[in-house]
Structure formats: structure tokens, C-alpha cells
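Here's the structure, in C-alpha cells; my notes come after.
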Amino acid sequence: MRIATWNVNSVKARLPRLRSWLAEREPDVLLVQETKATDESWPATELAELGYESVHHGTGRWNGVAILSRVGLADVTRGLTAEPGFGGSTEARAIGATCAGVRLWSIYVPNGRTVGSDHFGYKLSFLRALREQCAAERAELGLAAPYGLLGDFNVAPTDADVWDITAFDGFTHVTPEERSAVVEIQRAAGADEALIDLMPRASADPRDERRPYTFWEMRMLGFQKGRGMRIDLALVSKSLADRTQAVWVDRDARKGEGPSDHAPLVLDLD
DNA sequence: ATGTCGTGCAAAGCACGA
């Protein structure tokens, strides 16, 4: 089974590339972020023609998350129980479903903008709500149940996860507060059964030994200059990690005409 | 290099978010 996560930065703008990517890589489950779609404009019919049932949670223009599956899609949950809002309303940043017996979430953590801003506080609140959701669900499902939080976390877990840590001094995505909030999510059900941050290789090539990034800024030719970040994560239970044979970034999806600024993160399971 | 994208509004340019 193949599970992938991809911030597509508008499903409308990316539909041609999404279609060809699905045909090429044939994931069984794809967790999507930043669809920028409404539930009405979500291309469910086109995706169904490609063999995927899908669920979408979005209000248009910004945010929006979805799950595509060709191995079943059950127990759909839109949003987090304790999800905070921003500017007076809740956004569409989390959707969960059970696919082929695996409980999965498609997560789009707020960017945070600048350290100490209202949006930064919102980001930390969102991460706390995700920890609560994870703790409650894992307790309910049992710690042995295969479980995964995948998506765009907008946090680089370590200094090695950005192209040059000195370039990030004073910026979001690398602060101790954000990093410890992610660790707290991993430990939501206790340190013994912590979710594992699956480390991908940098591309589809098994011999690729470059540092693995999942995001490169559109501005300033970030991809062309190798200025990447590993901010799309797969945090999975031991039961799911044990089934994982390969984890890789589909770096090729960042190339060519009209890419997203993120590349898909792919898990190949036993 | 505040250098690229995508969206929506109201318009063929701008504001906003990333």
C-alpha cells in the first residue's frame, strides 16, 4: 500500500499535475493540503473517474484539506474537536478518515507568519489542539492501531531540516516553541508509544543521499538554489512505521511547468 | 532584489497569503 501527502497549493491550478501524478505514482491514499477550494468546487467527479473516492473540507480561497482513497474511506472527521479559530472563524486545516484499517489525518498547520504575532499564537494553539485530538483518538483506538498524522506542519523538526539554519535566525518554523509542540504531539499517547517522524530520502532514487526537503520557496528561485525545508511530515505509530518499507520525497514533482511549492512525501508500506 | 505564485474583487491592477 502506498500513502502520500502533498500540499498542492490550489487544486484548481494543480489539477492537471495532480491527475498525471496520480496516474504515474498510483498512491492508494493521498492526503492533500491547501486545496483553496470549497466543498462545491472540489473535483470529486474527476477524481472518481481516476478511481479515487474523496472527501474535502474547505471554504475556498485559503486552506482546505482532503483525502483521496482507492482502498476505502470511512469514519470521516472534519476539523479538530478543540480546533482554534483565527480572525473570529475556524479554518479548514484538518480532516481525518480510516482507509484500509489505517487511521489517517491530512493536516495543514498555520504558517505562523512572524514570531510572537497573533498568527504565531494561533499556530501553537492549533498544534495543542492536534495533540489533544491525537491523545483522545489513540486512547480510543488502542495504541497498537495503525495511526498517522500527515501533512504540512510548517515546522522543521531539527536544524538539519532547513538548507541553512543561520538564514532562519528569528524566523518561524525553527523555533524551540514550534519544535517542542510537534514533539508533544508525537508523545500525546505517552513516550513509549510516541509517533515516529519518518525520515524520507530526498527523491525516488534509492541512491540519493542529499538532505530530504519537501518545500522550496517560489520566491528567489528557492528550488533552483537548493534552498529547501523539510516541513511536510509523516508522524506515525510504531505499528504503521513497522510496515513502512520506504519513505521518499517525490522531488521530480517540484520540477517543470506550474509546480506546487511542495513536493509529495510518499510512504510505501508492506 | 519585496525577485513567484494563486485567489478574489472588481477589473485588465491590486491586496492578501504563503
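For clarity, every value in this text was computed on a predicted model and none was experimentally measured.
Counting to the nearest Å, the P atom of B:dA18 and the CZ atom of A:Phe168 are 16 Å from each other. B:dT7 atom P lies 12 Å from atom CH2 of A:Trp62, rounded to whole Å. Between the C1' atom of B:dG17 and the CD atom of A:Gln33 lies a distance of 17 Å, rounded to the nearest Å. Atom CH2 in A:Trp216 sits about 17 Å away from atom C1' in B:dC5, given to the nearest Å. Rounded to whole Å, atom P of B:dG6 lies 11 Å from atom CZ of A:Arg17. Following rounding to the nearest Å, A:Lys36 (NZ) and B:dC9 (P) show an atom-to-atom distance of 14 Å. Rounded to whole Å, atom P of B:dC16 lies 16 Å from atom CD of A:Glu91. Atoms CG (A:Asn63) and P (B:dC16) sit 17 Å apart, rounded to a whole Å.
The closest side-chain donor-acceptor pair between A:Glu193 and A:Ser237, if any, does not fall under 3.5 angstrom. A donor atom on one side chain and an acceptor atom on the other are not found under 3.5 Å apart for A:Thr59 and A:Glu91. Side-chain contact of A:Gln133 with A:Trp105: a donor-acceptor pair under 3.5 Å is absent, judged by distance alone.
Where A:Glu34 and A:Gly60 meet DNA chain B, the nucleotide closest to each residue was compared, and A:Gly60 sits on the side nearer the 5' end. For the pair A:Asn154 and A:Pro259, nearest-nucleotide mapping onto DNA chain B gives the more 5' position to A:Pro259.
Rounded to the nearest Å, the gap between the P atom of B:dG17 and that of B:dA12 is 22 Å. Straight-line distance between the C1' atoms of B:dA15 and B:dA10: roughly 12 Å, to the nearest whole Å.
For B:dC16, neither phosphate oxygen OP1 nor OP2 lies less than 4.0 angstrom from any side-chain nitrogen or oxygen of A:Arg113.
Note on A:Phe215: nothing from the nucleic acid sits closer than 4.0 angstrom, heavy atoms only.
The other residues sharing a hydrophobic cluster with A:Val8 are A:Trp6, A:Val11, A:Leu15, A:Leu18, A:Trp21, A:Leu22, A:Leu30, A:Val32, A:Trp42, A:Leu47, A:Leu50, A:Tyr52, A:Leu68, A:Trp248, A:Val266, where clustering joins ILVMFWY side chains under 4.5 Å apart.
Picking from B:dA18, B:dA15, B:dG6 the nucleotide with the shortest atom distance to the side chain of A:Ser10 gives B:dG6. In this structure, the nucleotide among B:dG6, B:dT7, B:dA18 sitting nearest to the side chain of A:Asn9 is B:dG6. Closest to the side chain of A:Ala13, from the set B:dA18, B:dG6, B:dA15, is B:dG6. Comparing B:dA18, B:dG6, B:dT7 against the side chain of A:Arg61 picks out B:dT7 as the nearest.
Taking the six-membered ring where tryptophan is involved, the planes of A:Phe215 and A:His262 are tilted, since the angle between them lies from 30° to 60°.
Here the side chains of A:Ile107 and A:Val65 are not in contact, with every heavy-atom distance at 4.5 Å or above.
With hydrogens and angles ignored, the 3.5 Å screen pairs no side-chain donor or acceptor of A:Thr175 with any backbone N or O of A:Thr172. Side-chain atoms of A:Glu178 come within 3.5 Å of backbone atoms of A:His173 as a donor-acceptor pair (strictly under, hydrogens ignored).
Taken residue by residue, residues 218-228 of chain A places heavy atoms nearer than 4.0 Å to DNA chain B at A:Met218, A:Arg219, A:Met220, A:Lys225.
In this structure, B:dA12 shows a glycosidic angle within 90 degrees of zero, which is the syn conformation.
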